[in-house]
Structures are given as structure tokens and as C-alpha cells.
2 protein chains.
Amino acid sequence: MDRIAKRQPMEGSEALDLLKSSSLSQLVQSEIQKIILSGRYSAGAKLNEKTLADQLGVSRGPVREAFQALHARGLVEMIPNRGVFVQRITRHDAVAIYDVRAGIFGTACRLLAERITADMVNELNVLLAQMEVAGQRRDIDAYFPLNIEFHTAIVTGTGNQVLADTYFGLISRLQLFRARGLVHGGGFESSNIEHRAIVAALDARDPHGAFEAGWAHVQAGKARILASDENTAGST
Amino acid sequence: MDRIAKRQPMEGSEALDLLKSSSLSQLVQSEIQKIILSGRYSAGAKLNEKTLADQLGVSRGPVREAFQALHARGLVEMIPNRGVFVQRITRHDAVAIYDVRAGIFGTACRLLAERITADMVNELNVLLAQMEVAGQRRDIDAYFPLNIEFHTAIVTGTGNQVLADTYFGLISRLQLFRARGLVHGGGFESSNIEHRAIVAALDARDPHGAFEAGWAHVQAGKARILASDENTAGST
DNA sequence: TGCCTTCGTATTGTCAACAATATGCAATGT
DNA sequence: ACATTGCATATTGTTGACAATACGAAGGCA
């Protein structure tokens, strides 16, 4: 764990974040978030204030502030006088998150369909082609980042920052759900078919079709994850 | 401003909140949120740590923690070494929030259409009737809480807590937008027509129709607010 | 007059100490 | 053997103090 530097302005990797946010709590927050999402702590694990503070080289104050922000983002659970724990995402929670994500992503597609440029369509088509290649090769390490880039391009392409923030908030909570196990390979083919349907609707500037395609894609993803989870563990 | 009691367990109004959350920061947070949403501070106004801490009868620590949570919820803006300010919601922001709200509310309607009970339909019909009475009487004080109850019933009726939280988060940010001025009366008639369309689709268990009705209702509300804002102030 | 520098004050950022609560272990009693 | 009580320890909750930064007024200079 990288010890946060004692205020020396430029310090390697995230100098930009530092310049923008400066305050230690922001730094500590993103650091703890990284730790949580990396899956280093299992779901429900306790986050000790002093331990974390020592690891990051700060006092407990900023750590406690970071906890509050992470709690508001739904990444940790706080029990008074007991402590802070990595949020447990049950199957039931995951379903709820996926349904909201379906609505948000569908909305993104719908909004994008009304304003998408030819360049953006081309960009998505390039990603589509690359994903198909990776899919045929069963190359999950190539496929995964492309898949993320595809969804990110659509969500940020709307130009709606609130939508993007909401979407990424849901994504991070889902990361928490599948933090353990779940290679969730497979489903390349169907996933690519769904991607093509989305781009087709976007290219046709068809808001309704785009929403439906986006919604259906996330719902299909939900089904795939839940099926995969069914096989690996018997979580509540 | 009610001074927060010094730990005496039961203290009038929000004893339940206290029992559940206990920690001062939670209390302070909801208190500051109330202050912000009440519109007592104008948009962009500075929130002084020590002043607030003294008003609430606590030290700066819990106040700072509350700030972090409120920042994560998008209610305040934090500038390093400068302080915390009531979040400014521009017209552009409001449009973005409304678009997301349309998607979320539409999604709520869609999900609810798949699981709504006859009792729930009746409940909504009762609210519908009451709103029509209030609308015909131009009784905004009666109409407003009914309107909120109608939307809340739909959103919570889905049983999806994540969706509800997301929705209410957007609502509170919108409250920030129209905190000043904006009586936004009028539009009763059209609003009621839209409400009827929503309930009709729900009663018909028609997910697509319900989504569209919900989406259209929020979009219409957006148009009404923006038009009203056009007349009152020239915000950015 | 208008602009810049300088200094005092107010405010934020961080920390370490103190108080309150919970946890785990040992001793006691049934 | 098992449950219960009491104590020692660890952890959280809160506070006040100190350091660093920003703000604003007064004064000097062109």
C-alpha cells in the first residue's frame, strides 16, 4: 500500500487528482475505494480506522471523512460504535442494481440516439469489430476493456454528467457483487449481438429502439451473471 | 435551529433516527441537509464549519464528516482550502437531472407494471381523484403533498430500494434548483392527464406503456419548470 | 486615483488526546 | 460442562489545539 506523501505536491501517479482535490480526505477516499473494489477485503470485512490510517500515513480524521463519502456512495456499511464494513451485495441487491442500471443505460441509449454524430457511430462500430475479434478468439483479457469502453462511450456520449455519475456509481457497486470468483466468461456471442442491436438503433436515430436495446442488453447481462453466480456460490 | 442534545437518548422529534444512526455525524448530516433544502442559504452560499458546528452544538469534526456525505450526494460543492458551498444547479444541470429522473421514473413505472397489485392500483386511483379535486380548486397546498405521495408510491412500490434512493437523490438536487422563487403553480390539468395515463398503463400491466407515460410526465414537468424559470430569473 | 504589497485575522486542514462503547477472556457459580 | 459476570483491552466517537492557507484591510507607490 502506497503511503500517501506528506504534502510534497507532485508524487508519481495521481498528481492530477491531487492538484484538483488537494484535501487529504479526497485522496484517502479514492485510495480506500481502490482497495475495496480490488476485492482485497472480502464482502462484509471490517475496515479498521487506525489500521487504514497507519497504512496511508494519515490520522484517523481524514479516514473517517472518507468513510462517510464511501457510505453515501453505497460502498461501505456503517454500524454505530461498531465500525465500517465493506458493503455486502446480496443477490437480491444485485438484481435491484441491475434493474436500475438497465433503466439508466437504456436512457443513455435513448438520449444518445437523439444527438449521436456519424463520428460517434463509427467509433462504436470500431469497438464492435474489435470485440467480435476478441470474442471469436475467446480472448477475455482483450474483450473486457473493450466492453467497458463501449459502454462508457455510450454513457459519456450523452453529455449528461449526472447520468454518467449515476451509472458509474451503480457499476462500482456491482463490482462489489462479483468481487469474488465469477470469471463470467462466455456469453460473448449473445453479448455482441446485443451490442450490434444497440448501435443499429443509434445509427437509425431511433430513441425507442435504442432504449429497448440498451435495456435488453443489461437485463441479459443480469441473467448471465446470476446464472454464473448460481453455479459458484450460494449467497443470500 | 434546534441545538442537538448532548447525548440524552430521547429528545423530542427524531428520537428514532437517533436510535438507529446514533453517530453525531449522521444527525448533523440530516440537519444540514434540512437547512440546505429549506432554501435558507441561497445557492452558492458558503457553509462555515465553525458557525454550523456552534449552531448544532457539536465540534467541527462531525460537521466535516457530514460535508463529505453531502458532497457525495451532490448537495454541496467543496473547494479545497476555500470551504463548502451550497451546490449551484444551473439550468443545464437541471435539464440533465430531469432527463435522468425521467429515465428512473419511467423505469419505476415499467417495473411496477409487472408486479402491481389491485390494491395498489386502487391506492393510486384514490390519490388521482384527490388530486383532481385539488386541481379544480386551484388548491396548491393540497395538491403538492398529494403529488409527492403519488410519485413516491410508484417509486417505492417497485420494492427496489436502489431505485428509490437514486430517485430521491435526484429529487433533492432538483429541490436545490427551485429553492428560490418558482411557485410553479399551474399545469394541474395537464399534469393530471399524465397521471391518469400512468395509472391506466399500470392497471393494464403494460410495461412499455407505463415507461413511456412515466417518461413523458417527467419530461413535461421539466418543460413546465424551465418555462417558469425562464420568466423568473436568468440563471446560467 | 488606481494598483500592488504587506500584514493581521479568519477559516480550513490535520492531528493527537480524551471519553465512551464494544469485544474477548478469565473467573465464578450453577 | 455450560452460562454468566466482571475486568482488561481494543476500537470508535468526539473534542480542542496547532499548522497552513486564504481573505481583507491598510498603507505605500506610480
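Because the structure is predicted, anything quoted here is derived from the model rather than measured. To find a chain, count down the sequence lines: A is the first, B the second, and so on, and within it residues start at 1.
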Length of the line joining [X]:[atom1] and [N]:[atom2], which is rounded to integer Å:
{"X": "A:Leu47", "N": "D:dA10", "atom1": "CG", "atom2": "P", "value": "20 Å"}
{"X": "A:Lys46", "N": "D:dA10", "atom1": "NZ", "atom2": "P", "value": "13 Å"}
{"X": "B:Met78", "N": "C:dG13", "atom1": "CE", "atom2": "C1'", "value": "11 Å"}
{"X": "B:Arg82", "N": "D:dA22", "atom1": "CZ", "atom2": "C1'", "value": "8 Å"}
{"X": "A:Asp54", "N": "C:dT14", "atom1": "CG", "atom2": "P", "value": "17 Å"}
{"X": "B:Ile79", "N": "C:dG13", "atom1": "CD1", "atom2": "P", "value": "11 Å"}
{"X": "B:Phe85", "N": "D:dC23", "atom1": "CZ", "atom2": "C1'", "value": "12 Å"}

Check: Listed in order of residue number, which residues of residues 64-74 of chain B have a non-hydrogen atom at under 4.0 Å from DNA chain D?
Finding: none

Check: Under the 3.5 angstrom rule, does the side chain of B:Thr117 hit a backbone N or O of B:Met120 as a donor-acceptor pair?
Finding: yes

Notebook entry, point to check: Closest to the A:Asn81 side chain: C:dT21, D:dT14, D:dA22?
Noted result: C:dT21

Next item on the list: Looking only at side-chain atoms of B:Glu49, point me to the closest of C:dT11, D:dT15, C:dG13.
Entry: C:dG13

Margin query: Give me each pair satisfying side-chain hydrogen bond (donor to acceptor under 3.5 Å, both in side chains) with a member in residues 105-114 of chain A, each pair once, sequence neighbours excluded.
Written below: A:Arg110-B:Glu212

For nucleotides 6-10 of chain C, give me every protein contact, N/O to N/O, under 3.5 Å, one pair per line with atom names.
none

I'd like a table of donor-acceptor pairs (distance under 3.5 Å, sequence neighbours excluded) in which one partner is a side-chain atom from residues 65-75 of chain A, with atom names and distances.
| residue | atom | partner | partner atom | Å |
| --- | --- | --- | --- | --- |
| A:Glu65 | OE1 | A:Ser25 | OG | 2.9 |
| A:Glu65 | OE2 | B:Arg64 | NE | 2.9 |
| A:His71 | ND1 | A:Val76 | O | 3.2 |

Partner residues of [X] under the side-chain contact (heavy atoms from CB on, under 4.5 Å) criterion, sequence neighbours left out:
{"X": "A:Ile171", "value": "A:Arg101, A:Tyr167, A:Gln175"}
{"X": "A:Asp165", "value": "A:Gln161"}
{"X": "B:Gln219", "value": "B:Asp99, B:Ala102, B:Trp215, B:Lys222"}

Check: Under 4.0 angstrom, heavy atoms only, what part of the nucleic acid is B:Gly61 near: base, sugar-phosphate, or nothing?
Finding: base

Next item on the list: Quick one: sort the A:His217 and A:His151 rings into parallel, tilted or perpendicular, breaks at 30° and 60°.
Entry: parallel

Notebook entry, point to check: What residues form a salt bridge (Lys or Arg N to Asp or Glu O under 4.0 Å) with A:Arg115, not counting sequence neighbours?
Noted result: none

Notebook entry, point to check: With sequence neighbours excluded, what pairs up with A:Asp93 under the salt bridge (Lys or Arg N to Asp or Glu O under 4.0 Å) test?
Noted result: none

Checklist line | N/O donor-acceptor pair, side chain A:Arg60 with base D:dG13, under 3.5 angstrom | finding: yes

